[in-house]
J.: 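Right, I'll just put the structure down here and ask away after.
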Amino acid sequence: MKTLAILSRKGGTRKTTLATNLAVTAEMAGQATVLFDLDPQSSAAKCGDRRE
Ligand SMILES: Nc1ncnc2c1ncn2[C@@H]1O[C@H](COP(=O)(O)OP(=O)(O)OP(=O)(O)O)[C@@H](O)[C@H]1O
Ligand SMILES: [Mg+2]
């Protein structure tokens with residue numbers, strides 16, 4: 001199992017964009033994928049809710 005953490009103290013540097021794109025790409029490539037969103041903004045979780 002591979003675990004990737006996308007971290008930066010600076011805001012708006014596209015951490016969520018990169019993490020969600022990596023997760024979707026891995027899933028489309030046939031990898032069982034879990035994306036954890038620990039940010040109170042929960043923008044990655046909201047993105048997941050909007051996708052089927
Ligand atoms: N390729 C792109 N072109 C233009 N805008 C983009 C692109 N990728 C991401 N953005 C926009 O940049 C903004 C910041 O991206 P994102 O939310 O991924 O950053 P973040 O590092 O997760 O921010 P935060 O620190 O608030 O969690 C968002 O509004 C996003 O829609
Ligand atoms: Mg973010």
Side-chain angles (χ1 to χ4, degrees):
M1 183 179 76
K2 292 181 181 174
T3 304
L4 299 178
I6 312 296
L7 305 170
S8 170
R9 295 183 69 180
K10 181 168 169 52
T13 52
R14 303 183 182 170
K15 301 175 292 291
T16 299
T17 301
L18 178 60
T20 50
N21 278 279
L22 284 171
V24 169
T25 301
E27 187 73 29
M28 289 175 71
Q31 301 289 318
T33 306
V34 178
L35 175 61
F36 290 96
D37 185 2
L38 305 182
D39 189 327
Q41 293 182 105
S42 63
S43 41
K46 288 172 187 162
C47 178
D49 291 343
R50 283 194 294 269
R51 296 184 71 100
E52 292 183 9

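Both counts, for ligands and for their atoms, begin at 1 and track the order of listing.
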J.: Examine Thr16 and say whether one of its N/O/S atoms is closer to the Mg ion (ligand 2) than 2.8 Å.
T.: yes
J.: Within the 4.0 Å heavy-atom shell around Gly11, which atoms of ligand 1 are there?
T.: 25 (O)
J.: Could you find the nearest protein heavy atom to atom 17 (O) of ligand 1 and give me its residue, atom name and distance?
T.: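 Here the nearest protein heavy atom works out to Thr16 CB, 4.1 Å.
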J.: If you take all heavy atoms of Lys46 and Gln41, which pair is closest and at what distance?
T.: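 Between these two residues, the closest heavy atoms are NZ-O, 3.2 Å.
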J.: Tell me, with the steps shown, if Thr20 and Arg51 meet side chain to side chain contact (heavy atoms under 4.5 Å, CB included).
T.: CA-CA 11 Å; Thr20 50; Arg51 296 184 71 100; over 6 Å; no
J.: For ligand 1, is any non-hydrogen atom under 4.0 Å from Asp39's backbone (N, CA, C, O), its side chain (CB onward), both, or neither?
T.: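 For Asp39, the contact with ligand 1 is made by the side chain alone.
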J.: Measure the distances from the heavy atoms of Gly12 to every atom of ligand 1 and state whether one is below 4.0 angstrom.
T.: yes
J.: Show the nearest heavy-atom pair for residues Lys10 and Thr13, with the distance to one decimal.
T.: O-OG1, 3.4 Å
J.: If hydrogens are left out, which of Gln41, Arg14, Arg9 has an atom nearest to atom 6 (C) of ligand 1, that is, the closest non-hydrogen atom?
T.: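 Nearest heavy atom to atom 6 (C) of ligand 1 lies in Arg14.
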J.: Taking distance alone, with N or O pairs closer than 3.5 Å, would you say Lys10 contacts ligand 1?
T.: no
J.: Does atom 8 (N) of ligand 1 have a protein heavy-atom neighbour under 4.0 Å away?
T.: yes
J.: So, for atom 29 (O) of ligand 1, does the protein have a heavy atom nearer than 4.0 Å?
T.: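 For atom 29 (O) of ligand 1 the answer is no, since every protein heavy atom stays at 4.0 Å or beyond.
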J.: Looking only at non-hydrogen atoms, find the nearest pair between Thr16 and Ala44 and report the distance.
T.: CG2-N, 3.8 Å
J.: Quick test: of every protein heavy atom, which one is nearest to atom 18 (O) of ligand 1, and how far off is it to 0.1 Å?
T.: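 Ranking protein heavy atoms by distance from atom 18 (O) of ligand 1, first comes Thr17 OG1, 2.6 Å.
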J.: Closest approach of Lys15 and Leu7, non-hydrogen atoms and distance?
T.: CD-C, 4.1 Å
J.: Rounded to the nearest 0.5 Å, what separates atom CG in Asn21 from atom CZ in Arg14?
T.: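 Result: 11.0 Å between the selected atoms.
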J.: Of all the heavy-atom pairs spanning Ala45 and Asp37, show the shortest one and how long it is.
T.: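 Shortest heavy-atom contact: N-OD2, 3.0 Å.
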